[in-house]
Amino acid sequence: MIGNTMNAFGLISLDSEHLHVVVMPFGATLVDMRIKGIDAPLIHGWNNPKDYAVHSGVFAGAVVGRYANRIALGKTQVDGQNLTLETNSAPHHSHGGSNGFSSQSWRVGNKSASSVEFLLQSPDGAGGYPGELNVSATYEIVDEHILRLTFTATTSKTTLLNMCHHPYFNLKGHGDTNDHTLEIAADHYLPHDGSVLPTGEISPVASTPFDFMHPRQIADAKQSSPYLYNHTYALARKSRETPHFAARLSAPDSPTMEVWTTQTGLHFYNGYKIPTVGGGLDGQSYGPCSGLCLEAQNWPDAPNNVSFPSAKLTPDMSYKEITEYKFY
């Protein structure tokens with residue numbers, strides 16, 4: 001067991017014969033991920049670990065909570081208790097607020113050559129949410145070519161919880177992702193109002209630009225502003241006990257990745273708002289569409305939509321969600 005004195009920006013390497021992964025306690029962040037023998041990162045990251053705090057609003061590789069994605073106008077209820085949350089993505093609450101899980105220094109728990117556990121205690125009332133949470137995020141390389149991320153949590157009071165992982169993928173390691181091919185295993189998606197807030201509809205993807213049931217190149221499927229791809233796909237109505245196939249991503253002359261998850265939704269963001277900034281891994285500069293996100297999570301604004309999967313966590317419940325990234 002590693003103690004609480006671990007530097008928040010101290011890098012931890014995990015290895016298998018196939019994968020090399022780097023993580024750190026700040027934001028329980030995935031800093032770098034590479035397939036051995038291919039000298040190119042599969043994700044966005046910063047060369048200087050301290051830049052993750054400077055660019056915290058990008059959420060690159062971070063664990064997000066308490067509530068990933070949007071809650072309308074920062075207002076909702078839990079068992080009749082009105083909650084007022086920070087509207088950090090005006091006019092809505094997003095990703096747990098400016099001091100959410102992604103901006104916290106997690107403790108390091110159990111650790112081995114291929115896995116590490118990050119631990120966080122979130123106080124009752126943090127960010128406007130009730131309940132003291134005890135949260136874990138465990139990265140583990142399994143079967144040599146799979147990175148598994150497991151979230152667990154318990155609460156002292158009834159609360160809301162929707163954790164997600166927020167890496168930006170570019171399987172080529174450079175350039176943009178418009179030549180990537182994407183498949184998403186969902187026949188419905190959640191339309192939004194232009195502010196990324198779901199309208200409450202659950203719409204079929206068939207005969208729309210949101211249909212990725214069969215592999216499509218992202219360049220051929222691009223949307224026009226302001227409804228560029230920043231939408232949640234409905235994978236299931238409730239969390240599953242074991243991970244199910246959610247998405248497949250590929251690029252020319254590059255590895256293929258599959259996302260498997262227990263979560264109810266997958267949020268596809270094509271990175272059109274990524275700021276132009278340098279200091280990335282291997283000296284790269286990033287900009288719009290230089291990476292894309294496939295964020296396994298519950299549905300946005302679920303606490304305000306009774307037809308969406310519940311995000312309620314009670315003291316007699318144990319929260320557990322698993323997401324896997326499989327490479328071949």
Side-chain angles (χ1 to χ4, degrees), residues 27-28 56-57 59 62-104 106 120-137 151-166 189-203 230-232 234-239 263-267 269 295-321:
S56 60
F59 303 100
V63 170
V64 172
R66 291 190 180 192
Y67 202 95
N69 222 309
R70 307 305 190 270
I71 292 180
L73 306 176
K75 304 289 186 182
T76 193
Q77 289 188 339
V78 176
D79 288 353
Q81 177 186 352
N82 292 324
L83 304 187
T84 300
L85 309 170
E86 179 187 3
T87 53
N88 57 308
S89 184
H92 308 304
H93 177 74
S94 180
H95 286 344
S98 58
N99 199 34
F101 292 176
S102 58
S103 297
Q104 300 292 314
W106 297 54
L120 182 68
Q121 187 176 77
S122 181
D124 182 15
Y129 293 91
E132 179 182 278
L133 285 180
N134 285 288
V135 182
S136 73
F151 298 139
T152 69
T154 57
T155 182
S156 64
K157 297 179 181 177
T158 300
T159 191
L160 302 172
L161 187 62
N162 174 25
M163 296 172 65
C164 89
H165 192 215
H166 205 293
Y189 80 106
L190 308 183
H192 68 64
D193 63 1
S195 68
V196 198
L197 184 76
T199 63
E201 300 168 275
I202 306 168
S203 298
N230 205 354
H231 296 74
T232 298
L235 299 176
R237 290 289 185 159
K238 62 181 181 179
S239 176
Q263 299 261 31
T264 59
L266 186 76
H267 192 85
Y269 168 46
E295 306 162 46
Q297 58 184 258
N298 198 357
W299 300 7
D301 204 32
N304 292 320
N305 287 274
V306 294
S307 62
F308 287 10
S310 174
K312 184 185 293 188
L313 181 67
T314 62
D316 61 344
M317 296 170 61
S318 295
Y319 179 95
K320 184 177 182 180
E321 298 289 354

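- Legend: residues meeting side-chain contact (heavy atoms from CB on, under 4.5 Å) with E295, ordered by chain and number and at least two apart, are H95, C164, H166, H267, Y269, C293, Q297.
- D316 and T314 form a side-chain donor-acceptor contact under 3.5 Å, judged by distance and modelled atom types alone.
- The minimum heavy-atom distance between P309 and A302, with the atom names listed, is O-CB, 3.3 Å.
- A distance of 9.0 Å separates CZ in R70 from OG1 in T232, rounded to the nearest 0.5 Å.
- Between the side chains of N304 and T76, at least one donor N or O sits under 3.5 Å from an acceptor N or O.
- Two residues are said to be in side-chain contact when any heavy atoms from C-beta on lie closer than 4.5 Å; V78 and L160 meet this criterion.
- The distance from the OG atom of S89 to the CG atom of N69 is 9.0 Å, given to the nearest 0.5 Å.
- In this structure, the ring-ring contact (aromatic ring centres under 6.0 Å, His included) partners of F308, at least two apart in sequence or on a different chain, are W299.
- Here the side chains of Q77 and P303 are not in contact, with every heavy-atom distance at 4.5 Å or above.
- Taking all atoms of both residues into account, the shortest heavy-atom contact from K157 to T155 is O-OG1, 2.6 Å.
- S195 and H92 form a side-chain donor-acceptor contact under 3.5 Å, judged by distance and modelled atom types alone.
- T158 is listed as a side-chain neighbour of P315, based on a closest heavy-atom distance under 4.5 Å.
- The shortest non-hydrogen separation linking D193 to T199 is N-CG2, 4.0 Å.
- The two atoms that bring R66 and L161 nearest to each other are O-CD1, 3.5 Å, heavy atoms only.
- Separation of atoms OG1 (T154) and CG (L313) is listed at 7.5 Å; rounding is to 0.5 Å.
- A donor and an acceptor atom, one from each side chain of R237 and T264, are nowhere located under 3.5 Å apart.
- For A296, the side-chain contact (heavy atoms from CB on, under 4.5 Å) test picks out T261, Q263, L266, T323, with sequence neighbours left out.
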For residues 125-137, tabulate all N or O donor-acceptor pairs below 3.5 Å that involve a side-chain atom, not counting sequence neighbours.
unit_1, atom_1, unit_2, atom_2, d
Y129, OH, H93, NE2, 2.7
N134, OD1, Q121, NE2, 3.3
S136, OG, T152, OG1, 2.4

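- For S239, the side chain to side chain donor-acceptor pair (under 3.5 Å) partners are E321, not counting sequence neighbours.
- Of all heavy-atom pairs spanning P198 and D301, the tightest one is CD-CB, 4.4 Å.
- At a threshold of 4.5 Å between non-hydrogen side-chain atoms, the residues V63 and W106 count as touching.
- Side-chain contact between N99 and Q104: present, with at least one pair of heavy atoms (C-beta onward) separated by less than 4.5 Å.
- Among residue pairs with one or both ends in residues 78-101, those qualifying as salt bridge (Lys or Arg N to Asp or Glu O under 4.0 Å) are D79-K312; sequence neighbours excluded.
- Side-chain contact check for L190 versus H192: every heavy-atom pair is 4.5 Å or farther apart.
- Here the closest non-hydrogen pair linking L120 and F101 is CD2-CD2, 3.6 Å.
- Put simply, OG on S156 and CG on D124 are 5.0 Å apart, with the number rounded to the nearest 0.5 Å.
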